[in-house]
Amino acid sequence: MDSGILVTDRAEGRTLAQAVSEGGALSPNATHRLALAVLTALASVHRTGGHHGDLGPHTVVLGADGTHVLRGTPAGEGGQSADMFAWAALVAYAATGRDPFGEVDKRRRYGAADLGALHGELRELVADCLAEDPEHRPAAEEALLRLLGQSGALETALPDTPEPQRRRPRALLFTAAAVVIVLVFGALGYLLTPRTVSAQPVAAGTPSQPASATPAKPAAPKPVPVTRTITLPDGAGTLWENAADKVRLTSYYVGKDGSDSVAYARTLDGTGFARTGGDNISSPVSPDNRWMATVNELHILTAERLDVSFTDRVTGEKFTVATVTNPRWGVSPQWSRDSRTLLLSMLERDEQVQAAYVRGFILIDIERRRATVVETANAEDVAMFRKQAPEQRTSYYYRWAPGDQLIASGYMTPESGEGIRYRDLTGKIVRSMHWVGRPIGQTPFSPSGKRLVTTSCAKQLTSCIWDADSGKRLASVPPSPGFMYGWYDEDNLIVGRVAGKKMIVEAIDLKGKVTRKLAELRAVKDKLSDLRFDRY
């Protein structure tokens, strides 16, 4: 058997376009074999520095002797990253029997192809190859490794292809018999055995990564002794701290019988808390402990414009920065790690449906004392929001991603699942992980930035821990009966639960076991409460 890719002038059989037109979408097993065969051929061509340039349903032939890839334009434009996009669209077409970008304008704008019945690693790989930015698409060899599920296999699976073959001016045919070739080397013999692929579609919001992921093994929790007890003002409750804590409560507002919620911020010396405002006031303190921002999260009820106040806690200097005017306002403020920029999610009220949606975000530069307003929702987003039933409308607030150069938020996928999307500070989408569910907590990223916590990520009610870079699921945390605030450290989360007239705040490990009691506050029915735990 030859150890390279067979080159011939013609192939007998129907093209994929003809097969789908006559018989509809391919079966899951057939789709998987097609994806693997075509990707193997592409990886071999890319290894020589070449590219296909015209991959599509009309250049893939389903012959009796296997799948063949015709190359009619060896000098086609677009390069290798364009080949990967074309491969992904081809696989989606085979699985669904239709153009994955049927709603071309909408789907190309959002990179939201119709992936139909695709699931598992193949679905995630196809989605990654359809990334809008070519630099974010995996290379053919990397993609093949992911699909094979083995590392170190490419040297045997992809023998070098002589350079002259990709320079021939006439139409060439690359057969995917390269899959068979690997048998000679004994490394990937299982490829000839049809892989069992379940035909059951993945439920909306259900991640497909966990099956192949290795569960995290958190370190055994070590009891942390309490070294300081702080009694919160106005009978709000009690806070327990330790000098070894990597996070601490920096601000909060809590309900009070017979009155509105009251906001507080930690004093500069860290020993107590002082009142900062009344109802709807949020007073986040910067990580360096110097700045305090004061935001009226419902200014729309009392003022025409949202002016955010800042206090230099060292010098006492105060100033305000004007931001947006009605019907827009800013909520859920969060400081960047370097304490230089305040991020707010920007809401806008839509009078047609009498409801608010996330229009974009606001960045306030402390040094320049200037606000930048970035719109991320367009007219089509607004139209979609109006069509949704009230109970289906979800607000995805923005959070800083590690490094302060990107921000992240949840989003609804075309298949009605939920994922996380990263944007640069101009609002441009730079990356999406559509399978992970919705990020939760004021700080969904762990202290190192290497882990991410989400919800709506599995069939059962649970929270999921993911590798923030690869999107591999690391652990499933039993559901908390209350609120998720974020991370205590790399192996523990901060959660809250209401018990009678008290709200208990605790640290739990990734198995759901309580490792530390952090605070106990009063809980007043129908009154708002909010706690902010920050690193320092």
Side-chain angles (χ1 to χ4, degrees), residues 105-106 109-112 253 261 263 277 279-284 293-310 320-336 341-365 370-401 406-414 416 418-430 432 438-440 442 444 456 528 530:
D105 291 339
K106 171 186 173 183
R109 186 182 309 126
Y110 292 100
Y253 59 80
S261 299
D279 202 25
N280 305 315
I281 296 297
S282 181
S283 305
T294 303
V295 182
N296 183 347
E297 295 189 287
L298 275 181
H299 92 277
I300 194 172
L301 300 179
T302 58
E304 179 64 26
R305 186 180 68 189
L306 172 61
D307 292 333
V308 178
S309 300
F310 293 91
T320 61
V321 176
T323 62
V324 294
T325 58
N326 298 345
R328 297 179 175 181
W329 71 100
V331 299
S332 194
Q334 186 185 44
W335 284 97
S336 58
T341 310
L342 187 72
L343 167 69
L344 298 98
S345 297
M346 181 174 65
L347 301 183
E348 180 170 325
R349 181 173 174 80
D350 187 281
E351 295 299 333
Q352 182 171 320
V353 294
Q354 297 293 299
Y357 62 95
V358 178
R359 183 73 180 190
F361 57 89
I362 305 168
L363 297 171
I364 302 180
D365 185 314
R370 185 176 66 185
T372 300
V373 177
V374 180
E375 294 188 15
T376 56
N378 55 33
E380 192 169 275
D381 294 321
V382 176
M384 183 181 301
F385 173 79
R386 290 171 175 171
K387 292 179 181 179
Q388 292 175 325
E391 64 273 12
Q392 294 177 325
R393 294 171 184 152
T394 302
S395 294
Y396 299 104
Y397 292 161
Y398 287 100
R399 296 287 182 260
W400 287 105
L406 299 175
I407 59 173
S409 71
Y411 78 106
M412 184 74 71
T413 71
S416 297
E418 292 182 282
I420 184 171
R421 190 154 54 192
Y422 296 81
R423 297 177 185 268
D424 64 19
L425 301 188
T426 69
K428 180 182 177 181
I429 298 172
V430 297
S432 297
R438 180 200 316 169
I440 53 173
Q442 296 160 348
S456 300
L528 294 176
D530 181 66

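Here, residue 1 is the first one in the sequence, and each next residue gets the next number. Just so it is clear, the model here is predicted, and its values are computed rather than measured.
The two atoms that bring Ala371 and Thr323 nearest to each other are CB-CG2, 3.9 Å, heavy atoms only. Nearest heavy atoms, Leu342 versus Ala293: CD2-CB, 3.8 Å. Residues Ala322 and Asp307 share a closest heavy-atom pair of CA-OD1, 3.3 Å. The nearest pair of heavy atoms linking Ile362 to Gly330 is CD1-CA, 4.3 Å.
The structure places CG of Leu406 at 11.5 Å from CZ of Arg423, a figure rounded to the nearest 0.5 Å. Leu347 contributes atom CG, which lies 6.0 Å from atom OG of Ser395 (distance to the nearest 0.5 angstrom). The CZ atom of Arg438 lies 4.5 Å from the OG atom of Ser456; values are rounded to the nearest 0.5 Å. Here the CG-OG1 distance, from Asn280 to Thr302, works out to 8.5 Å after rounding to the nearest 0.5 Å. Here CG of Leu344 is found 7.0 Å from CG of Leu306. Values are rounded to the nearest 0.5 Å.
Shown here are the side chain to side chain donor-acceptor pair (under 3.5 Å) partners of Ser345, two or more places apart in sequence or in another chain: there are none. Residues meeting the salt bridge (charged side-chain N to carboxylate O under 4.0 Å, His left out) test with Asp365, sequence neighbours left out: none. Evaluation of the side chain to side chain donor-acceptor pair (under 3.5 Å) rule for Ser409 yields no partner, not counting sequence neighbours. Applying the side chain to side chain contact (heavy atoms under 4.5 Å, CB included) criterion to Thr294, with sequence neighbours excluded, gives Ile281, Ser283, Met292, Ser309. Checked against salt bridge (charged side-chain N to carboxylate O under 4.0 Å, His left out), Glu304 has no partners two or more places apart in sequence or in another chain. Under the salt bridge (charged side-chain N to carboxylate O under 4.0 Å, His left out) criterion, Arg386 pairs with Asp350, sequence neighbours left out. Not counting sequence neighbours, the partners of Gln442 by the side chain to side chain donor-acceptor pair (under 3.5 Å) test are Asp530. Thr426 is linked by a side chain to side chain contact (heavy atoms under 4.5 Å, CB included) to Asp424, Lys428, counting only residues two or more places apart in sequence or in another chain. By the salt bridge (charged side-chain N to carboxylate O under 4.0 Å, His left out) test, Arg359 pairs with Glu348, Glu375, sequence neighbours left out. Annotation: side chain to side chain contact (heavy atoms under 4.5 Å, CB included) contacts of Leu425 (sequence neighbours excluded): Leu363, Trp400, Ile407. Taking Ser332 as the reference, Arg399 meet the side chain to side chain donor-acceptor pair (under 3.5 Å) condition, with sequence neighbours excluded.
Val321 has its side chain within reach of Phe310: a pair of non-hydrogen atoms, C-beta onward, lies under 4.5 Å apart. Annotation: side chain of Met346 is in contact with side chain of Val373 (closest heavy-atom distance under 4.5 Å).
Side-chain contact annotation: Glu418 with Tyr396, donor-acceptor N/O pair under 3.5 Å present.
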Please evaluate residues Arg305 and Asn326 with respect to the criterion side chain to side chain contact (heavy atoms under 4.5 Å, CB included), reporting the C-alpha separation (whole Å), side-chain torsions for both, the decisive distance (0.1 Å), and the verdict. CA-CA 6 Å; Arg305 186 180 68 189; Asn326 298 345; over 6 Å; no

Does the side chain to side chain contact (heavy atoms under 4.5 Å, CB included) test come out yes or no for Gln354 and Arg349, once each step is laid out? CA-CA 7 Å; Gln354 297 293 299; Arg349 181 173 174 80; 2.5 Å; yes

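Side chain of Ser336 to main chain of Thr341: a donor-acceptor pair is present (N/O by atom type, distance under 3.5 Å, no hydrogens or angles). Checked by atom type and distance alone, the side chain of Trp329 never pairs as donor or acceptor with a backbone atom of Val324 at under 3.5 Å.
Identified under the ring pair (Phe, Tyr, Trp, His ring centres under 6.0 Å) test for residues 344-363, with sequence neighbours left out: Tyr357-Phe385, Phe361-Tyr398.
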